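A short write-up of the structure that comes next.
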Amino acid sequence: MSPKVDLYDNAYRNHESAIYRAVRIETYGEDFGQTSWVTTQESNEIPRLLGLRSDSFVLELGCGSGGYTLHLGETVGCRLIGVDINQPGVRNANLLAQSRGLASRVHFELCDASKRLPFDDNTFDAVFSNDVLCHLPGRPEVLVEMFRVLKPGGRVLFSDALVVGGIVSHEEIATRSSIGFYMYSPPGENERLMERAMFRDIRAKDTTESAARIAKRWHDARKKREDELVAAEGSANFEGLQRFLSCVHLLTNEKRLLRYLYVANKEHTPLGHSVVPAQFVSTDQLS
Ligand SMILES: C[S@@+](CC[C@H](N)C(=O)[O-])C[C@H]1O[C@@H](n2cnc3c(N)ncnc32)[C@H](O)[C@@H]1O
């Protein structure tokens, strides 16, 4: 059994550290405080995929230390709420909102996103979540909650890096799960559950190859700074996280674990080709 490894506490507590920042820049190109498999290209596509405008009101589930939420607040000019279960993440996110002068439009709350969300029905124009749903028990209910808090015509986007694409051993599952609670899903299940939650115009894009690239770059960027990272997080944790990142790279590179990005609407208002690139496959035919 793989020993428990911490990723998020260290990443969010050390968010401002030059070493952690250098790792993020080398991994992603642009620093939004990421702890996920989202490429900068995907980060830049999200506002268009969600149809965000300056008058949009947006919810991010699992916002981590808030860097990307604040980036949207700055570049799109919309109002956002980010929620996460990690205390250092939410604390850091609210401090950043204040220091960047965005606190009147962007704020962050501590919240377990696997429970009923603390928002009224039909509140948000868009709800999104990058690489978080795999951490939440009760996916059918989570999707129903995302649907409930969206306004009619609102748009949802989320990614799942744990779609099972091939044979995976119990050791690999243990290492891949060593940083926390995880749910693995079979291909097609997210689409089926979104359909059941009443989402429409469901599209999915396979982003496995870019997830494999991110895992490799993240691993190598940390390796280069081993001494400083061991000093910050301890050698057992450093090694554990390196094993985790190697495992993500291996499994996604061999397509035994797949990462998919999903977009859909709260009601039937076709997303259109200008919004959703052709690589997104429509799954509206599901029954
Ligand atoms: C892979 S990270 C993604 C963070 C951020 N979205 C990004 O793209 O960098 C997963 C995030 O989910 C959060 N998380 C895990 N379980 C959660 C829960 N039950 N409720 C809310 N957030 C949760 C973690 O604290 C972490 O910040």
Side-chain angles (χ1 to χ4, degrees), residues 4-15 20-21 23-25 27-47 49-50 58-73 80-94 96 106 108-119 126-139 141-143 145-146 149 156-163 176-184 207 210-211 214-215 217-218 241 244-245 247-248 252 257 259-262:
K4 197 108 181 80
V5 176
D6 170 71
L7 167 57
Y8 303 127
D9 283 354
N10 277 309
Y12 301 151
R13 281 205 190 102
N14 295 304
H15 181 268
Y20 283 76
R21 196 184 294 280
V23 168
R24 292 194 297 266
I25 289 174
T27 304
Y28 302 98
E30 213 168 323
D31 178 17
F32 301 128
Q34 304 92 321
T35 54
S36 64
W37 320 111
V38 183
T39 60
T40 294
Q41 188 191 346
E42 188 176 308
S43 296
N44 290 335
E45 272 181 6
I46 287 176
L49 291 171
L50 286 172
V58 183
L59 175 65
E60 179 176 9
L61 300 181
C63 58
S65 53
Y68 182 64
T69 332
L70 289 162
H71 170 73
L72 292 182
L80 299 106
I81 296 180
V83 301
D84 202 285
I85 202 168
N86 187 287
Q87 218 154 10
V90 171
R91 191 181 318 115
N92 181 77
N94 277 318
L96 284 179
V106 187
F108 299 93
E109 296 176 13
L110 201 58
C111 163
D112 181 349
S114 69
K115 304 273 171 15
R116 186 180 164 85
L117 296 171
F119 306 108
V127 176
F128 75 99
S129 191
N130 291 326
D131 295 335
V132 177
L133 265 66
C134 61
H135 287 301
L136 309 180
R139 185 149 333 162
E141 293 76 23
V142 171
L143 289 168
E145 277 296 282
M146 290 167 91
V149 301
V156 72
L157 175 149
F158 72 92
S159 48
D160 181 3
L162 289 186
V163 177
R176 183 61 182 82
S177 308
S178 58
I179 66 157
F181 177 91
Y182 277 112
M183 304 288 262
Y184 294 76
T207 60
S210 58
I214 293 281
R217 280 201 225 139
W218 193 352
L241 210 37
F244 165 79
L245 292 169
C247 180
V248 176
T252 45
L257 281 183
R259 180 180 185 271
Y260 273 89
L261 180 64
Y262 304 92

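In this text, all values refer to a predicted model and were calculated from it rather than measured experimentally. All ligand and atom numbering here is 1-based and tracks the order in the structure.
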Would you check if Asn10 and Leu241 make a side-chain contact, meaning some heavy-atom pair closer than 4.5 Å?
no
Side chain, backbone, both or neither: Tyr68 near ligand 1, heavy atoms under 4.0 Å
neither
Determine, stepwise, if the pair Ile214 / Arg259 fulfils side-chain contact (heavy atoms from CB on, under 4.5 Å).
CA-CA 12 Å; Ile214 293 281; Arg259 180 180 185 271; over 6 Å; no
Counting from 1, what ligand 1 atoms have a heavy atom of Glu60 closer than 4.0 Å?
6 (N)
Stepwise, does the side-chain contact (heavy atoms from CB on, under 4.5 Å) test hold for Leu133 with Arg139?
CA-CA 7 Å; Leu133 265 66; Arg139 185 149 333 162; 4.1 Å; yes
Among protein heavy atoms, which sits nearest to atom 23 (C) of ligand 1, and what does the distance come to when rounded to 0.1 Å?
Ile85 CG2, 3.5 Å
Do ligand 1 and Gln34 have nitrogen or oxygen atoms that lie under 3.5 Å from each other?
no
Using a 4.0 Å cut-off to any heavy atom of Gly64, which atoms of ligand 1 qualify?
27 (O)
Quick one: does Phe181 get a heavy atom under 4.0 Å from ligand 1?
no
Identity and separation of the nearest protein heavy atom to atom 9 (O) of ligand 1
Thr35 N, 2.8 Å
Main-chain N/O of Phe108 paired with Asn94 side-chain donor or acceptor, under 3.5 Å
yes
Mind checking the CG-CZ spacing from Asp131 to Phe158? Nearest 0.5 Å is all I need.
11.0 Å
Tell me the protein heavy atom at minimum distance from atom 8 (O) of ligand 1, and give that distance in Å.
Ser36 OG, 2.8 Å
Got an N/O contact under 3.5 Å between Leu136 and ligand 1?
no
Check: Gln87 main-chain N/O paired with Tyr12 side-chain donor or acceptor under 3.5 Å
no
Side chain, backbone, both or neither: Cys111 near ligand 1, heavy atoms under 4.0 Å:
backbone
Once you restrict to heavy atoms under 4.0 Å, what part of Val83 touches ligand 1? Side chain, backbone, both or neither.
neither
Decide whether an N or O pair under 3.5 Å exists between Asn130 and ligand 1.
yes
On the 0 to 90° scale, with breaks at 30° and 60°, tag the His71-Phe32 ring pair as parallel, tilted or perpendicular.
tilted
Asp31 side chain vs Arg24 backbone, donor-acceptor pair below 3.5 Å
no
Closer than 3.5 angstrom, by distance alone: can the side chain of Gln34 be matched with the main-chain N or O of Glu30 as a donor-acceptor pair?
yes
Closest protein heavy atom to atom 15 (C) of ligand 1, given as residue, atom name and distance to 0.1 Å:
His135 CB, 3.7 Å
Which atoms from ligand 1 have a heavy atom of Tyr12 less than 4.0 Å away?
4 (C), 26 (C), 27 (O)
Looking at Tyr260, is its backbone amide N or carbonyl O close enough to the side chain of Asp160 to form a donor-acceptor pair, meaning the two atoms are under 3.5 Å apart?
no
Test Ile46 against Tyr68 for side-chain contact (heavy atoms from CB on, under 4.5 Å), laying out the working first.
CA-CA 11 Å; Ile46 287 176; Tyr68 182 64; 3.2 Å; yes
Between Ala113 and ligand 1, is there a nitrogen or oxygen pair with a distance under 3.5 Å?
yes
Out of Thr69, Asp84, Asn86, indicate the one that has the non-hydrogen atom closest to atom 24 (C) of ligand 1.
Asp84
Examine distances only and state if a side-chain atom of Thr39 and a backbone atom of Glu42 form a donor-acceptor pair shorter than 3.5 Å.
yes
When you measure from atom 6 (N) of ligand 1 to every protein heavy atom, which one gives the shortest distance, and what is it?
Gly62 O, 2.7 Å
Based purely on interatomic distance, does Val132 place a nitrogen or oxygen under 3.5 Å from a nitrogen or oxygen of ligand 1?
no
Are any of the N/O atoms in Asp112 less than 3.5 Å from those in ligand 1?
yes
